[in-house]
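Values below: every heavy atom of this structure, side chains too, minus hydrogens, waters and symmetry copies.
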Amino acid sequence: MNNLQSLSYYYPELILVGVILCGIIYDLFIDKSKSGNVGIFLVFGLIIVAISILLQDNKVTSLFTDSIVKDPFSQFFKLLIILATIFVSIVSLKNDELKIYRKGEYFTLLGIITFGLFLMVSAIDLLMLYLSIEIVSIMSFVLAGYLKQNTRSNEAALKYVVYGGFSSGIMLFGLSYIYGLAGTTNYFKVQQALSTLPSESNTAVIVSIIMVLAGFGYKISAVPFHFWTPDVYEGSPTTVTAFLSVAPKAGALAMMIRFFNQVLADGGAMQGLDYISNTGIPWAEILSILAIITMTLGNVVAIQQGNIKRMLAYSSIAHAGYMLLAMPAMSGDSIYAIMIYLVMYLFMNLGAFFVVVLVKNKTGGESLEDYEGLGWEMPTVGACMTLFMVSLTGLPPTAGFVGKFYIFASLIKGGESLYYLVFIGGVNSVISLYFYLRVVKVMYFSGSKNDVIKKPGRVMGIMLLLTAVPTFLLGIYWVPLATWIQAQLFDVRDKVRPLWEGSLMGIMLQVL
């Protein structure tokens, strides 16, 4: 479909561009004290964008001369990204770190990153893939250093730029190898070209995969491309850290799923839950090693952290490893599991960072000592943080447990050759118990009890509930979510499974 014809299918993104431009212009005419209104404007604009996405049909359509695609898979991730951006935008209005700064540019940058992520999850062309990564990365560099008077924020931005530029350069070199081998940048044409290459070309293909993984791994904080994560997470405004831990990670995982299944395999896993991608390239083995190293290093190093943001940074690395665990299964079920995990991860991880925002507003600190007695002084906040920590560990009955169960179930269904990944994932979950529950211990068993009970502000209280309630309820009953995701993923190609399969008993029976 040519560029002019594509515009009629591209109206959600056009609305988003309009919201961003209007936000920039609006910010020029208002006082600094009212610049937070741009954030409110962005939130309402994103709600309109989400509605427009929901109103679109599920027909798969390639747009702009086959550079991006409109399909249920990309629509799901766009809605997930919008939800994360809305949550972060609202909490940003109450983040004391941003009080002395004009916020109009801040919210505009969030909107631009959202647009870049839309391109990322829809890209079916190597050039569009790289362009979308650069849009997201450059805007993220600016947001990381938004606290211009804070040396740690300046350091975070500088390290982010250095690591980002290095990783993007390596990835671009790998993409050039793929283009040289295939003679095209379109995903499907590249796949056809690679499948007909002689065996002598396998070395060049494997080298290009490793190089491309540098760019992907950098976006999801996978080892060994994770070095920027702890410093950037610690130095950035806490709301920016929350956003970077969820939205770009979701976009990058969507990009990886599409790239590995439709460029380096025959795309079979994208056709239905019981389908499998077939390939002669050993990318599944490479991703298995990457997943094991990522989650193990993330969990082990997190134990040593005394700063809550650095601990959650390494936690984010570990969770990237958990999600990568499902990729080697190369099945529709594994993609389905990653999508469910991302929804669960959004609520529990954003909720944990929102507590960090609240505590930093109260104490000005980020160390574990700042959480001493929090469970007694602010019972609601303490209870929510306990729930988030338990869920991030993966204990029942929380959303985190359901997410991990789907990941492990997809590996068990993938065959005996993947059982070792389930075992290693389980061991890592046990290791994570220590540093997650240490936060709970500090909140309830350290420091002195305060007789005066404090409550969070109304907005922060509502945001904590909006993340805590799904974190708990989705651990008990997640049938509607599982069914909706399944319909979003395979609505036009596969029948929706019965509702009982969304229950814990259904999964166990299915695995057995």
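The shortest side-chain heavy-atom distance between Leu42 and Tyr106 does not fall under the 4.5 Å cut-off. Residues Phe141 and Ser137 meet the side-chain proximity criterion, which asks for heavy atoms closer than 4.5 Å. The shortest distance between side-chain heavy atoms of Phe64 and Leu7 falls below 4.5 Å. The shortest side-chain heavy-atom distance between Met348 and Thr467 does not fall under the 4.5 Å cut-off. By the 4.5 Å heavy-atom criterion applied to side chains, Ser391 and Phe401 are not counted as neighbours. In this structure, the side chains of Asp125 and Asp66 stay at 4.5 Å or more apart for every pair of heavy atoms. By the 4.5 Å heavy-atom criterion applied to side chains, Ile68 and Ser62 are not counted as neighbours. Counting only heavy atoms from C-beta outward, the side chains of Gln191 and Gln262 never approach each other to under 4.5 Å.
Between the OG1 atom of Thr238 and the CZ atom of Phe353 there is a distance of 8.0 Å, given to the nearest 0.5 Å. Once rounded to the nearest 0.5 Å, the distance linking NE2 of His319 with CD1 of Ile407 reads 11.5 Å. Taken from CG in Leu342 to CE in Met323, the straight-line distance is 5.0 Å, to the nearest 0.5 Å. Taking CG of Leu264 as the start and CD1 of Ile281 as the end, the distance is 5.0 Å to the nearest 0.5 Å. Taken to the nearest 0.5 Å, the CG atom of Leu253 stands 6.5 Å off from the CG atom of Leu324. Summarising the geometry, atom CG belonging to Asp333 is positioned 9.0 Å from atom CD1 belonging to Ile276; distances are rounded to the nearest 0.5 Å.
No side-chain donor-acceptor contact under 3.5 Å links Ser432 and Asn299. Inspection of the Lys404 and Ser429 side chains reveals an N or O donor paired with an N or O acceptor under 3.5 Å. With no hydrogens or angles considered, a side-chain donor-acceptor pair links Lys249 and Ser316 at under 3.5 Å. Side-chain contact check for Tyr436 and Ser315: at least one donor-acceptor pair (N or O, by modelled atom type) lies under 3.5 Å.
Across every non-hydrogen atom of Asn95 and Pro237, the tightest pair is ND2-CB, 4.4 Å. Nearest heavy atoms, Leu387 versus Ala468: CD2-O, 3.3 Å. Among all heavy-atom pairs drawn from Ala352 and Met389, the shortest one is CB-CE, 3.9 Å. Residues Ser89 and Val43 come closest through the heavy atom pair CB-CG2, 3.8 Å. Contact between Leu411 and Ala326 at its shortest, heavy atoms only, is CD2-CA, 4.3 Å. In terms of heavy-atom proximity, Val121 sits nearest to Ser74 at O-CB, 3.6 Å.
With Thr296 contributing its side chain and Ile293 its backbone, the two residues share no donor-acceptor pair below 3.5 Å. Side chain of Ser334 to backbone of Ser331: a donor-acceptor contact under 3.5 angstrom is found. For Lys70 (side chain) and Tyr10 (main-chain N/O), no donor-acceptor pair under 3.5 Å exists by modelled atom type. In this structure a side-chain-to-backbone donor-acceptor pair under 3.5 Å is missing from Trp478 to Ala399. In this structure, Tyr336 contributes its side chain and Ala482 its backbone to a donor-acceptor pair below 3.5 Å. No donor-acceptor distance shorter than 3.5 angstrom exists from the side chain of Ser236 to the backbone of Tyr233, with no hydrogens or angles considered. Not a single donor-acceptor pair under 3.5 Å links the side chain of Thr294 to the backbone N or O of Ala291. Asn261 places a side-chain N or O within 3.5 Å of a backbone atom of Ile257 that can act as its donor or acceptor partner. When atom types are taken as modelled, the side chain of Gln56 and the backbone of Tyr9 share a donor-acceptor pair closer than 3.5 angstrom.
Heavy-atom contacts from other residues, nucleotides or ligands closer than 6.0 Å to CZ of Phe472 number 12 or fewer. Counting heavy-atom neighbours within 6.0 Å of Tyr419 OH, excluding the residue itself, gives a total above 12. Atom CG of Leu55 sits in a crowded spot, with more than 12 heavy atoms from other residues, nucleotides or ligands closer than 6.0 Å. Taking a 6.0 Å sphere around CD of Glu134, one finds it holds more than 12 heavy atoms contributed by other residues, nucleotides or ligands. Summarising the local packing, OH of Tyr420 is surrounded by more than 12 heavy atoms from other residues, nucleotides or ligands at distances under 6.0 Å.
Using a 4.0 Å cut-off between a side-chain N of Lys or Arg and a carboxylate O of Asp or Glu, Arg258 and Asp71 qualify as a salt bridge. Remark: Arg310 engages Glu234 in a salt bridge, criterion side-chain N to carboxylate O under 4.0 Å. Comment: Lys309 does not engage Asp231 in a salt bridge, judged by the lack of any side-chain N to carboxylate O separation of less than 4.0 angstrom.
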>> The test is side-chain contact (heavy atoms from CB on, under 4.5 Å); show your working for Met339 and Leu80 and say whether it passes.
In response: CA-CA 10 Å; Met339 293 169 73; Leu80 193 69; over 6 Å; no
>> For a ring pair (Phe, Tyr, Trp, His ring centres under 6.0 Å) check, start with the C-alpha distance between Phe73 and Phe77, then their side-chain angles and the critical distance, and finish with the verdict.
In response: CA-CA 7 Å; Phe73 180 77; Phe77 280 95; 5.0 Å; yes
>> Run the side-chain contact (heavy atoms from CB on, under 4.5 Å) test on Ile338 and Met327 for me, step by step, so that the C-alpha distance in whole Å, both residues' side-chain angles and the decisive distance to 0.1 Å come before the verdict.
In response: CA-CA 8 Å; Ile338 292 172; Met327 292 280 284; 3.9 Å; yes
>> What verdict does the side-chain contact (heavy atoms from CB on, under 4.5 Å) test give for Asn428 and Tyr322, after you've listed the backbone C-alpha separation in whole Å, the side-chain angles of each residue and the deciding distance to 0.1 Å?
In response: CA-CA 9 Å; Asn428 270 274; Tyr322 292 133; 3.7 Å; yes
>> As a quick check of understanding, evaluate side chain to side chain donor-acceptor pair (under 3.5 Å) for Thr114 and Thr85, giving each step before the final call.
In response: CA-CA 7 Å; Thr114 302; Thr85 309; 3.2 Å; yes
> Does the side-chain contact (heavy atoms from CB on, under 4.5 Å) test come out yes or no for Tyr146 and Glu105, once each step is laid out?
Replying inline: CA-CA 9 Å; Tyr146 203 80; Glu105 294 175 355; 3.7 Å; yes
Show every donor-acceptor pair shorter than 3.5 Å between a side-chain atom in residues 208-227 and any protein atom, with sequence neighbours excluded, or say none if there are none.
from, atom 1, to, atom 2, distance (Å)
Ser208, OG, Ala204, O, 3.4
Ser208, OG, Val205, O, 2.5
Ser221, OG, Thr229, OG1, 3.1

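Not counting sequence neighbours, the partners of Lys78 by the salt bridge (Lys or Arg N to Asp or Glu O under 4.0 Å) test are Glu13. The side-chain contact (heavy atoms from CB on, under 4.5 Å) test applied to Gln192 returns no partner, not counting sequence neighbours.
Note: Phe259 and Tyr187 have perpendicular aromatic rings, judged against thresholds of 30 and 60 degrees for the angle between ring planes.
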